[in-house]
Structure formats: C-alpha cells, structure tokens
Amino acid sequence: MSWAVEAQDLSKTIDGVQALKDVTLHIPAGAVFGLIGPNGAGKTTLIRLMLGIWQPTAGKVLLFGNRADDPTGIARQGVGYVPDIPNWPNNFRVEDVLKWHRLVYRGWDEHRAGALLEMFRLRRKALFSTLSKGQKMQVSLSCALATHPRLLVLDEPTNGLDPVVRREFLQLLVRQVAEDETTMLFSTHLLEDLQRVADHIGVLFQGRLLLSTALADLWEEARKILVVFRPEAEPDLSQWPEVWRVEQEGRLRVLWVGGSAERVMERIRALEPVYWEAVQPALDDLFVEMMRREGYTYGDLELE
Ligand SMILES: Nc1ncnc2c1ncn2[C@@H]1O[C@H](COP(=O)(O)OP(=O)(O)OP(=O)(O)O)[C@@H](O)[C@H]1O
C-alpha cells in the first residue's frame, strides 16, 4: 500500500507539556481521514508536525515518502492546508491571499481559484480581516484546492459554520477530493461530519493515538450484546476479560465487548440464554465508551 502520511514514534513536548506521545500512524494515499479527540488531545500538534511547521521532539513524519520537515520544503509543495483560524495581515485583501499562494505554490491554478471564489460569491477586493468566519474558511479552502494538492489538511474546517454552509462546504470538499484523488485529513469534534465524509478515522486522547482504522473496520473494535440469562445460569461477567462494561435493565444485560466478540458470543450461547442479540453500537456511543475506558467522563466529552 502507498502511504500519504507515515508518522513514526512521533512525540512533541511544548513548554514541558507532552502534547504528543509516541504516535505511529499510517494514512493510505486517497483516504479521507478524520481525526477526532477531545480538547487538548493533540490534533493541532499532529497537524503542525505533519506540515513541518513544528519539529518533533522525537520521531518523524513522511509525506509521500519525503520528510515533512525537509528544509527544502519539497514535502510541503504537494500539501494544501486550511488552518483552524486563517490569519493574514490586516491590510490583506482576498486577492493578496491568492497572490501569496500563486508565488509559493508551483501547482497554482488561477482558473480554479477564480471559479471557487465565484462559487462562494467572494469578492477579490474584500479585506480578508472583515470576512465572516465561514467566508475566511471559503477563501482558505479555495486557495488550498487551487494548488491541486496531493494531500489536503484541514484543522476543524467546519467549526463555527452554520449548518447550511457546513453541509455545502463538506459536499464541495468531497467532490473536489474525489475529482483529484486527493488524500484528505481533517480534524473535527463533529461525529456527524466524520460519518458523512471520512473513510478512515484516528482517535487521539491525551497525546496518544487510541485508534486508527478504516471506518468499515471500526465495528470490529467493539460490539454491544444484549442478553437475558436464565436465572440459574447467571455468569459472573466480571470474570470475562473481553467485557468492558455491563449495563443492567431489569433482567436484560447490555454488554460492551472489545476486540473479538466471537469468544464472548460462544460463551453466551453455551449458557443457553433466554434471549441474546449482538448489535452494532452507534458511532457516538462507541466513542463515549472508548473515552470512558480511558478515564474521560461523558460530561466532559466534546463529541456531538
Ligand atoms: N503553543 C503552545 N504552547 C504550550 N502548550 C501548547 C501549545 N500548543 C499546544 N499546547 C498544548 O499541547 C496539548 C495539545 O494541544 P493541541 O492544540 O494539539 O490539541 P487539540 O486536540 O488540537 O485541541 P482542540 O480540540 O482544543 O483544538 C495541550 O495540552 C495544549 O495545551
């Protein structure tokens, strides 16, 4: 498999805070990778290391085989970046932002930039600092897409956008990415966005990568089993290592099972329960459960 991003044993300490700890991550070329995790989990740090904006304390990142922090900037040429807070000098107009990209990126496509600006109804003469948050995002995205990136990186792209703009923004992203076969990585707190566009996900928590998987394989990570045991055959579920947690509603037990659920299902079958059923948890339930296992309480969870 060819990798767009390879992070190996990546760590970053900032002012004594270990923002990332031994992160090893592989993103396949062509993937749409959604990165989630609560506030302070290390998402922006990982993105900055991937873009070569920051140097890792340990480990390395390769973008299509080139080191992200290569001083020649070769790895960055193929990367479009949409930051969470796009920032340009106060006197910059939209046309100045375009000009900057034109000068920096070899693959700059003036026609595409113009078409995107027109689609978003953005005026070239508008002062960037006076645009709304959504419009700033649209300018940044137009510029990033006009470089025809092999890899497009977006830091919380839909944060603060109203639902209509958010949906349009995501639709446009998916269309463009599919057209160019671009690899895309975006961080988000919104599981709805993630489910709508991503085909791979990574979960960061307190600087560690808890999980990185194809969305289609995610359901193998955890299963919910509903079961009613016969009163005389009630097992001691605390002795079953695969069972993370048990919820009880009357005689119904809801088992959260991690890893291979097959073994648990075999043991349940052997007890000839009154009723049992394995169900796929909803994505948000699954994340809440994973975070809970890592000691993060539901009330603090930033996932919507
Ligand atoms: N410039 C900095 N100086 C000091 N500490 C920092 C700096 N940038 C990040 N950190 C710390 O690194 C950790 C990871 O922060 P990061 O911004 O990567 O998290 P995040 O997952 O992007 O969070 P959020 O969802 O809130 O944007 C946090 O503990 C944060 O306080």
Side-chain angles (χ1 to χ4, degrees), residues 5-27 31-61 63 68-69 76 79-88 133-134 136-137 140-141 144 151-161 166 169-170 173 184-198 200-213 283-284 286-304:
V5 179
E6 293 169 81
Q8 289 162 7
D9 303 317
L10 202 60
S11 294
K12 178 70 180 175
T13 303
I14 315 159
D15 289 342
V17 176
Q18 202 171 9
L20 272 195
K21 297 168 197 161
D22 295 328
V23 168
T24 293
L25 169 72
H26 292 85
I27 301 180
V32 177
F33 192 97
L35 186 63
I36 64 160
N39 287 126
K43 301 180 296 294
T44 301
T45 304
L46 178 59
I47 286 175
R48 290 197 170 146
L49 292 172
M50 277 177 40
L51 295 168
I53 297 172
W54 283 352
Q55 294 279 332
T57 310
K60 62 178 174 180
V61 188
L63 304 180
D69 55 357
R76 272 301 301 276
V79 182
Y81 175 43
V82 180
D84 50 349
I85 306 170
N87 225 346
W88 294 98
K133 183 163 177 25
K136 285 179 181 170
M137 273 293 174
S140 298
L141 181 67
L151 171 66
L152 179 62
V153 180
L154 307 103
D155 198 351
E156 296 189 29
T158 58
N159 184 17
L161 303 189
R166 202 173 106 207
F169 194 88
L170 287 174
L173 262 180
M184 182 170 120
L185 176 137
F186 70 106
S187 70
T188 184
H189 287 291
L190 303 172
L191 285 172
E192 197 191 320
D193 288 358
L194 189 99
Q195 253 177 314
R196 189 169 294 147
V197 288
H200 285 69
I201 63 155
V203 183
L204 273 175
F205 181 67
Q206 294 181 346
R208 290 181 300 116
L209 188 70
L210 292 188
L211 174 80
S212 169
T213 180
L283 193 56
D284 51 351
L286 178 56
F287 282 120
V288 168
E289 197 54 37
M290 289 173 79
M291 293 296 163
R292 183 184 273 142
R293 277 178 62 74
E294 296 297 320
Y296 209 69
T297 60
Y298 181 76
D300 294 328
L301 208 57
E302 274 273 325
L303 302 168
E304 287 178 15

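Side chains included, hydrogens not; waters and symmetry mates left out as well; all remaining heavy atoms used. All ligand and atom numbering here is 1-based and tracks the order in the structure.
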Self-check item: Shortest non-hydrogen separation from Ile201 to Leu194 and the atoms involved
Solution: CG2-CD2, 3.4 Å

Exercise. Could you pull out the closest heavy-atom pair between Asp22 and Ser11, with the gap in Å?
Key: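 That would be N-OG, 2.9 Å.
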
Using only atom types and a distance under 3.5 Å, with no angle test, would you say the side chain of [X] pairs donor to acceptor with the backbone of [Y]?
X      : Y      : value
Ser140 : Val82  : no
Lys60  : Ala68  : no
Lys43  : Phe186 : no

Practice problem: Mind checking side-chain contact (heavy atoms from CB on, under 4.5 Å) for His26 and listing every partner two or more places apart, or none if nothing turns up? | Solution: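 In terms of side-chain contact (heavy atoms from CB on, under 4.5 Å), with neighbours along the sequence ignored, His26 is linked to Trp3, Glu6, Thr24.
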
Exercise. Would you please write out the protein residues whose heavy atoms approach any atom of ligand 1 to under 4.0 angstrom, listed by chain and number?
Key: Ile14, Asp15, Val17, Ala19, Pro38, Asn39, Gly40, Ala41, Gly42, Lys43, Thr44, Thr45, Trp54, Glu156, His189

